[in-house]
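Shown next, in structure tokens, is the structure this report addresses.
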Amino acid sequence: MAEKGSVIGCHTIAQWNRHLQLASESGKLVVVDFTSSWCGPCRTIAPFFAELANKFTDAIFLRVDVDELKRVALDCAIETLPTFIFVRRGNIVDRVVGARKDEGQKK
């Protein structure tokens with residue numbers, strides 16, 4: 001795991017599974033930013049996502065590029081970018097669709 005307050009990029013299925021497993025074992029909330037390099041709103045919201053990672057250090061913040069990990073995006077039913085999902089103990093417990101700072105911070 002990376003240090004507290006950082007956003008961890010998942011570039012392989014193995015990394016994705018490892019981070020979810022470690023989070024599940026620790027009971028930590030996982031916040032995942034599904035993004036892509038071609039998505040303008042994704043680039044706009046990225047600094048805010050990093051701020052949240054610094055603010056909420058008890059959660060694990062992951063970033064997934066949907067073009068790299070298409071299977072993960074499909075498994076998580078990602079249809080719009082950016083989409084943020086909240087995972088606890090391996091289950092998606094909530095999601096925010098779009099670059100909506102206010103809703104993302106509330107969740």
Side-chain angles (χ1 to χ4, degrees):
M1 284 266 170
E3 69 182 63
K4 281 185 170 188
S6 65
V7 177
I8 304 163
C10 292
H11 303 284
T12 66
I13 297 284
Q15 287 176 331
W16 168 256
N17 289 334
R18 183 171 54 91
H19 289 301
L20 286 186
Q21 180 64 36
L22 290 171
S24 184
E25 290 170 359
S26 69
K28 290 188 174 189
L29 177 68
V30 180
V31 184
V32 186
D33 173 12
F34 284 91
T35 187
S36 185
S37 61
W38 49 261
C39 172
C42 297
R43 289 191 304 273
T44 301
I45 198 85
F48 178 71
F49 190 69
E51 286 176 26
L52 292 178
N54 284 318
K55 184 175 182 179
F56 298 104
T57 58
D58 287 338
I60 297 168
F61 286 76
L62 303 178
R63 179 167 286 128
V64 172
D65 185 311
V66 297
D67 295 319
E68 287 182 346
L69 295 181
K70 291 177 182 165
R71 178 82 267 167
V72 172
L74 284 170
D75 290 347
C76 294
I78 304 304
E79 297 176 351
T80 304
L81 294 180
T83 293
F84 304 90
I85 65 167
F86 300 81
V87 180
R88 188 175 299 275
R89 300 226 181 262
N91 297 308
I92 297 173
V93 296
D94 211 342
R95 70 177 55 226
V96 173
V97 178
R100 297 166 39 197
K101 290 181 181 181
D102 56 333
E103 190 170 341
Q105 188 161 345
K106 279 191 262 182
K107 302 267 183 190

Closest contact, heavy atoms only, [X] versus [Y]:
X: Trp16; Y: Val72; answer: CE2-CG1, 3.5 Å
X: Val7; Y: Ala50; answer: CG2-CA, 3.9 Å
X: Gly90; Y: Ser24; answer: N-OG, 4.3 Å

Test side-chain contact (heavy atoms from CB on, under 4.5 Å) applied to [X] - qualifying residues, sequence neighbours left out:
X: Glu68; result: His11, Asp65
X: Thr12; result: Ala14, Gln15
X: Ala46; result: Arg63
X: Asp75; result: Arg71

Which pairs of donor and acceptor atoms, one on a side chain in residues 76-88, lie under 3.5 Å apart (sequence neighbours left out)?
from: Thr83; atom 1: OG1; to: Thr80; atom 2: O; distance (Å): 2.4
from: Arg88; atom 1: NH1; to: Gly27; atom 2: O; distance (Å): 2.9

What's the spacing between [X] [atom1] and [Y] [atom2] if we round to 0.5 Å?
X: Gln21; Y: Ser26; atom1: CD; atom2: OG; answer: 10.0 Å
X: Thr35; Y: Ile45; atom1: OG1; atom2: CD1; answer: 10.5 Å
X: Arg89; Y: Glu25; atom1: CZ; atom2: CD; answer: 9.5 Å

Okay, side chain of Thr57, backbone of Asn54: is any donor-acceptor separation there less than 3.5 Å? no
Any link between [X] and [Y] through a network of hydrophobic side chains (Ile, Leu, Val, Met, Phe, Trp, Tyr) touching at under 4.5 Å?
X: Ile13; Y: Ile8; value: yes
X: Phe61; Y: Val93; value: yes
X: Leu62; Y: Leu74; value: no

Going by the ring pair (Phe, Tyr, Trp, His ring centres under 6.0 Å) test, which pairs reach into residues 22-44, not counting sequence neighbours?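 Every pair satisfying ring pair (Phe, Tyr, Trp, His ring centres under 6.0 Å) with a residue in residues 22-44: there are none.
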